Protein chains: 4
Amino acid sequence: MQVKKEQVRLSLLKKAEKEFLEKGFKNSSLRKIVKSAGTTIGNFYNYFENKETLFEELVEEEYNNFLELIEKHNDEEGIEEFLDTEDLQKYREVLSEIIQNIIPVFSEKFVLLIEGSEGTKFEGTKDIIIKLLKDHFIEHIQKYESKIMDLEMAEITAEQFLNGIILIVKKYKDKVLRHRLITEHILFYISGMMAIIGK
Amino acid sequence: MQVKKEQVRLSLLKKAEKEFLEKGFKNSSLRKIVKSAGTTIGNFYNYFENKETLFEELVEEEYNNFLELIEKHNDEEGIEEFLDTEDLQKYREVLSEIIQNIIPVFSEKFVLLIEGSEGTKFEGTKDIIIKLLKDHFIEHIQKYESKIMDLEMAEITAEQFLNGIILIVKKYKDKVLRHRLITEHILFYISGMMAIIGK
Amino acid sequence: MQVKKEQVRLSLLKKAEKEFLEKGFKNSSLRKIVKSAGTTIGNFYNYFENKETLFEELVEEEYNNFLELIEKHNDEEGIEEFLDTEDLQKYREVLSEIIQNIIPVFSEKFVLLIEGSEGTKFEGTKDIIIKLLKDHFIEHIQKYESKIMDLEMAEITAEQFLNGIILIVKKYKDKVLRHRLITEHILFYISGMMAIIGK
Amino acid sequence: MQVKKEQVRLSLLKKAEKEFLEKGFKNSSLRKIVKSAGTTIGNFYNYFENKETLFEELVEEEYNNFLELIEKHNDEEGIEEFLDTEDLQKYREVLSEIIQNIIPVFSEKFVLLIEGSEGTKFEGTKDIIIKLLKDHFIEHIQKYESKIMDLEMAEITAEQFLNGIILIVKKYKDKVLRHRLITEHILFYISGMMAIIGK
DNA sequence: AATGAATGAGGGTTCATTCAT
DNA sequence: AATGAATGAACCCTCATTCAT
C-alpha cells in the first residue's frame with residue numbers, strides 16, 4: 001500500500017516545521033508530528049534518520065543561504081554610502097530596496113534556525129550571527145564615525161537587531177507588511193546607533 | 001544525617017533558579033534540581049508543595065514589585081518633561097537617575113518571570129507588560145508629537161524594548177555596568193522612536 | 001520479539017479486569033497489570049490511551065446495555081401484573097423468565113461499573129441506579145398497596161437489592177446457579193418488602 | 001513544649017477514624033490524618049507504632065465486643081421462641097427490644113472493622129462474621145422449619161444481612177432512626193427468609 | 001513503503017517510615 | 001514530647017528509538 005513517497009516526506013516536513021516553530025526542537029513530540037502528518041512512527045524512520053535529521057533537513061538550506069548572504073555582503077562594500085545621507089525619506093527608499101533582496105532569507109525556517117534549534121547541531125547559529133553582526137557594527141562605526149563603539153552595546157544591539165527581525169517574521173505573515181516593518185526596524189536601529197555614538 | 005533546614009531550602013531555591021533560568025520552567029527537571037542541591041526527590045516535597053510552587057516562590061516577590069512599579073509610574077506624570085530636551089548629555093543624566101530607582105526590579109527573578117514562566121500561572125506576564133508598554137508608547141507619542149505611531153511598530157518596539165532589558169540582565173551581572181547599559185538601551189529606544197515618527 | 005497485537009491487547013484487558021475487580025480502579029497498579037500481562041509500561045500506551053481509558057473500554061458496552069435495559073423497562077408496564085399472584089411457585093416461574101432476559105446485564109463488567117469505578121467518569125453509576133430503583137420501589141408500592149413506603153427503607157432496600165446482585169455475580173460464576181440465585185434474591189426482596197409494608 | 005499527652009492521642013484517633021471510614025485503611029494517608037489532628041508525622045510515631053497499629057487501636061475493642069456478643073448469643077437459646085409468632089406487630093416489638101441490647105455493637109468502629117480493614121490483620125473479619133451468620137441461619141432454619149436452606153442463599157443472605165447493617169450505620173447517624181431502621185432491616189430478612197424456604 | 005509492538009529512561013508526585021535534634 | 005529532614009519505592013505517564021513483520 002504505497003503512497004507516493006515525496007508526498008509523505010513533504011507532509012512530514014511541513015508538520016514538523018509547524019511543531020518545531022511552536023515548541024522548539026526539544027519540546028516537539030515526534031509522535032505528534034508523525035500523527036498530524038498522517039503516517040506512523042515506524043514509517044518516519046524510513047524517511048529520516050531521526051528527529052534531529054528531520055530538523056536539519058528543514059533548516060540546512062536556510063543556513064547555507066544565510067552564509068552566502070553574509071559572504072556576498074562582505075564583498076559588497078558600498079552599501080553604506082547610500083545610507084550616508086541626511087534625507088530620511090531617501091534613506092527609507094534605499095533601505096527598502098536593499099532589504100528587498102535580503103528578505104527572502106528571513107523566513108520561518110530562519111526563525112527555526114535561530115530560535116528553535118536548541119538541542120541540535122545548529123544551536124550555536126544565533127551566537128554566530130550575533131558575532132558577525134557585532135563585528136560588522138563595530139567596523140562600520142569605526143570607519144564612518146572615528147569613534148569606538150561600546151563593546152557591550154555593540155553586542156546587545158546586534159542581538160536585539162536579530163531578535164527584532166525574528167519577532168517580525170514570527171508575528172507577521174503578510175509579505176508586504178513584513179517588508180515594511182523590517183525596513184522600519186532597520187531604520188530604527190540605525191537611528192538608535194547614531195544616537196548612542198553621539199552623532 | 002540532617003542538615004539545617006534553611007540550608008537545604010536555600011540550596012534548592014538557588015539551584016532551581018539556575019535551572020529555570022537556563023531551561024525555563026517546563027523543561028527543567030526537578031530530579032536534576034534536587035540532585036544538584038544535594039538532596040532527594042522525596043525530601044524536596046518536604047520543602048515545597050510542588051514544582052510550580054517552587055517557581056512561584058522564586059518569582060512572586062518580583063512580580064509584586066513590578067506591579068507596584070507600574071502603579072507608581074502611572075501616578076508620576078511629568079517624567080517626560082525632563083526628557084523633552086535637546087541636550088543629549090543632559091538626557092542621559094536624567095535618565096540614569098530615573099533608572100537608578102527602577103533598576104532593582106530588573107533582576108534575575110524578573111528574567112525568570114518574563115522568559116521562564118511558560119507552564120506556570122505567570123506565563124502571561126510578558127504579554128501584559130508588552131501591552132502596557134505599547135499603550136504607554138502610543139500615548140506619549142500622541143501627546144508630544146501629534147502623530148499617530150504605527151500600531152505594529154508600537155507593539156514590536158514594546159516587545160523589543162522589554163527583550164533588551166532582559167538581555168542585559170541575563171548577560172551582565174555587574175550592577176554598575178548593567179545600569180549603564182540599561183540607560184543606553186533606553187536612550188537607544190527613545191532615539192529610535194523619534195526617528196520612526198520622523199522627528 | 002513481537003507478539004500478535006490482539007493477543008497482548010486481550011491479555012491486558014483480561015488482567016486489568018482481574019486487577020480492577022479485586023482492587024477497584026484507584027487502587028489498581030498499572031505496573032502490576034502490565035507485568036502480569038507480560039509486557040511493559042511503555043508498551044501499554046501503544047494499546048490504550050491511559051489507565052482510565054483501559055477501564056472505560058472494559059465497562060463502556062456494559063454501561064450502554066444497562067441504560068438500554070432501563071429504557072426498555074420503563075416502556076414495559078405490566079410486568080407487575082404477573083407478579084400480583086398468591087401462588088409463590090407461579091411467581092418464581094414468571095420471575096425466572098423475566099430475569100432470563102435481564103441477566104446478561106449482570107456480568108463481571110457490571111460489577112466493575114458499580115463497585116470498581118471510583119476515580120473514573122463512571123463513579124456515579126451506582127448512585128444513579130440506586131435512585132432509579134428507589135423511585136421504582138416507591139412508585140410500585142404506592143400503586144398496589146396504597147401505602148407510602150418509608151423513604152429511608154426504600155433507599156436502603158434499593159441499595160441492598162443492587163448489592164445482592166453484585167454479590168451473587170461476584171461469588172458465583174456458573175450461569176445456571178447465578179440465574180437461580182438472582183431469582184431467589186429478587187423473590188426475597190419482594191417478600192421482604194411486602195412484610196415491611198405490612199401486607 | 002508539651003501538650004497533654006492524651007489530647008494529642010485522642011485527636012489522632014478521632015481524625016484517623018474519620019479518614020479510615022472515608023477511604024479505608026489502605027487509601028488513607030497518614031500525612032493527612034496527622035495534619036488534620038494538628039500534629040506532625042514524627043510525633044505520630046511517639047504515640048503509635050505505625051499506621052496499622054493506629055487502626056488496630058481504633059478497632060480492637062469493637063472486635064472484642066463483637067466476639068463477646070457472638071458467644072453470649074450462642075448461649076442464649078430461646079430468643080427465637082419469641083419470634084415464632086404470627087403477629088407481626090408483636091414481632092416488631094420483641095425484635096426492637098432485642099436489638100436495643102445489640103445495637104451498641106453496630107458503631108462506626110464496627111463499620112471500620114468490616115469495611116475499612118483491608119490491608120490490616122482484621123481484613124478477614126467480615127468473612128468470619130458472615131460464616132457465623134450463615135451457620136446460624138442454617139441451624140435455625142433446620143430447627144424450626146425442617147427444611148434445608150439452600151447453602152448458597154444462606155451465604156448470600158448472611159452477607160447481605162451484614163451489609164445492610166453496615167449500610168444503615170454508615171448512612172444514618174441519628175440513634176433513634178438507626179434503631180428503627182435496623183429493626184426493619186432484620187424484620188425484612190426474617191420475612192425474606194421465610195419466603196425463600198417456602199413457609 | 002509501511003505498520004505499530006517493544007523497550008527503557010525519564011518526567012512529576014505521594015507515600016510510610018526512620019531518625020537526628 | 002515534638003519537630004520535620006531524609007529516604008526510597010511506588011504511582012501514572014511521555015518520550016525517541018529499534019525492529020520484526
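We use all heavy atoms of the structure for the numbers below, so side chains are in, but hydrogens, waters and symmetry mates are not. Order of the sequence lines sets the chain letters (A, B, ...), proteins ahead of strands, with each chain counted from 1. For clarity, every value in this text was computed on a predicted model and none was experimentally measured.
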Separation of [N] [atom2] from [X] [atom1] (nearest whole Å):
{"X": "A:Gln7", "N": "E:dA1", "atom1": "CD", "atom2": "P", "answer": "14 Å"}
{"X": "B:Tyr47", "N": "E:dT13", "atom1": "OH", "atom2": "C1'", "answer": "18 Å"}
{"X": "B:Glu6", "N": "E:dT21", "atom1": "CD", "atom2": "P", "answer": "18 Å"}
{"X": "B:Leu12", "N": "E:dG12", "atom1": "CG", "atom2": "P", "answer": "13 Å"}
{"X": "D:Lys35", "N": "F:dT3", "atom1": "NZ", "atom2": "P", "answer": "14 Å"}

message: Could you tell me if the side chain of D:Glu17 sits less than 4.5 Å from the side chain of D:Phe55, heavy atoms only?
response: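 No, side chains not in contact.
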message: I'd like to know if the side chain of C:Thr53 pairs up with that of C:Asn50 as donor and acceptor (distance under 3.5 Å, no hydrogens or angles considered).
response: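 There is such a pair between these side chains.
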Ignoring hydrogens and angles, write down the donor-acceptor pairs under 3.5 Å from the side chains of residues 109-120 of chain D, residues two or more places apart or on other chains.
residue: D:Glu115; atom: OE1; partner: D:Lys170; partner atom: NZ; Å: 2.7
residue: D:Ser117; atom: OG; partner: D:Leu113; partner atom: O; Å: 2.8
residue: D:Ser117; atom: OG; partner: D:Phe122; partner atom: O; Å: 3.3
residue: D:Thr120; atom: OG1; partner: D:Ser117; partner atom: O; Å: 2.8
residue: D:Thr120; atom: OG1; partner: D:Phe122; partner atom: N; Å: 3.0

- prompt: Reckon C:Thr40 has a side-chain N or O less than 4.0 Å from the OP1 or OP2 of E:dT7?
  reply: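 Answer yes for this pair, as a side-chain N or O of C:Thr40 is under 4.0 Å from OP1 or OP2.
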task: Mind listing the closest non-hydrogen atom pair of D:Thr125 and D:Tyr63 along with its distance?
output: CG2-CE1, 3.5 Å
- prompt: Counting only distance, no hydrogens or angles, is the base of E:dA2 paired donor-acceptor with the side chain of A:Asn46 under 3.5 Å?
  reply: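 Between E:dA2 and A:Asn46, which were checked side chain against base, a qualifying N/O pair under 3.5 Å is present.
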- prompt: Which residues satisfy the salt bridge (charged side-chain N to carboxylate O under 4.0 Å, His left out) test with B:Lys14, sequence neighbours excluded?
  reply: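 Counting only residues at least two positions away or on another chain, B:Lys14 forms no salt bridge (charged side-chain N to carboxylate O under 4.0 Å, His left out).
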By side-chain contact (heavy atoms from CB on, under 4.5 Å) - contacts of B:Ile128 (at least two apart):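 Only B:Leu132 meet the side-chain contact (heavy atoms from CB on, under 4.5 Å) criterion with B:Ile128.
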Would you be so kind as to tabulate the donor-acceptor pairs closer than 3.5 Å made by side chains of residues 29-38 of chain A, with sequence neighbours excluded?
residue: A:Ser29; atom: OG; partner: A:Arg31; partner atom: N; Å: 3.3
residue: A:Ser29; atom: OG; partner: A:Lys32; partner atom: N; Å: 3.3
residue: A:Ser36; atom: OG; partner: A:Ile33; partner atom: O; Å: 3.2

message: Wobble G-U and Watson-Crick pairs count when both distances are under 3.5 Å; given that, what is the 5' to 3' dot-bracket string of DNA chain E, with | for pairing to other strands?
response: .||||||||||||||||||||
- request: Using a 4.0 Å heavy-atom cut-off, write out nucleotides 10-16 of chain F from 5' to 3' as B (base contacted by protein), S (sugar-phosphate only) or - (no contact).
  value: -BBBBBB
field: Test: A:Lys23 and A:Glu19 ion pair at under 4.0 Å
entry: yes
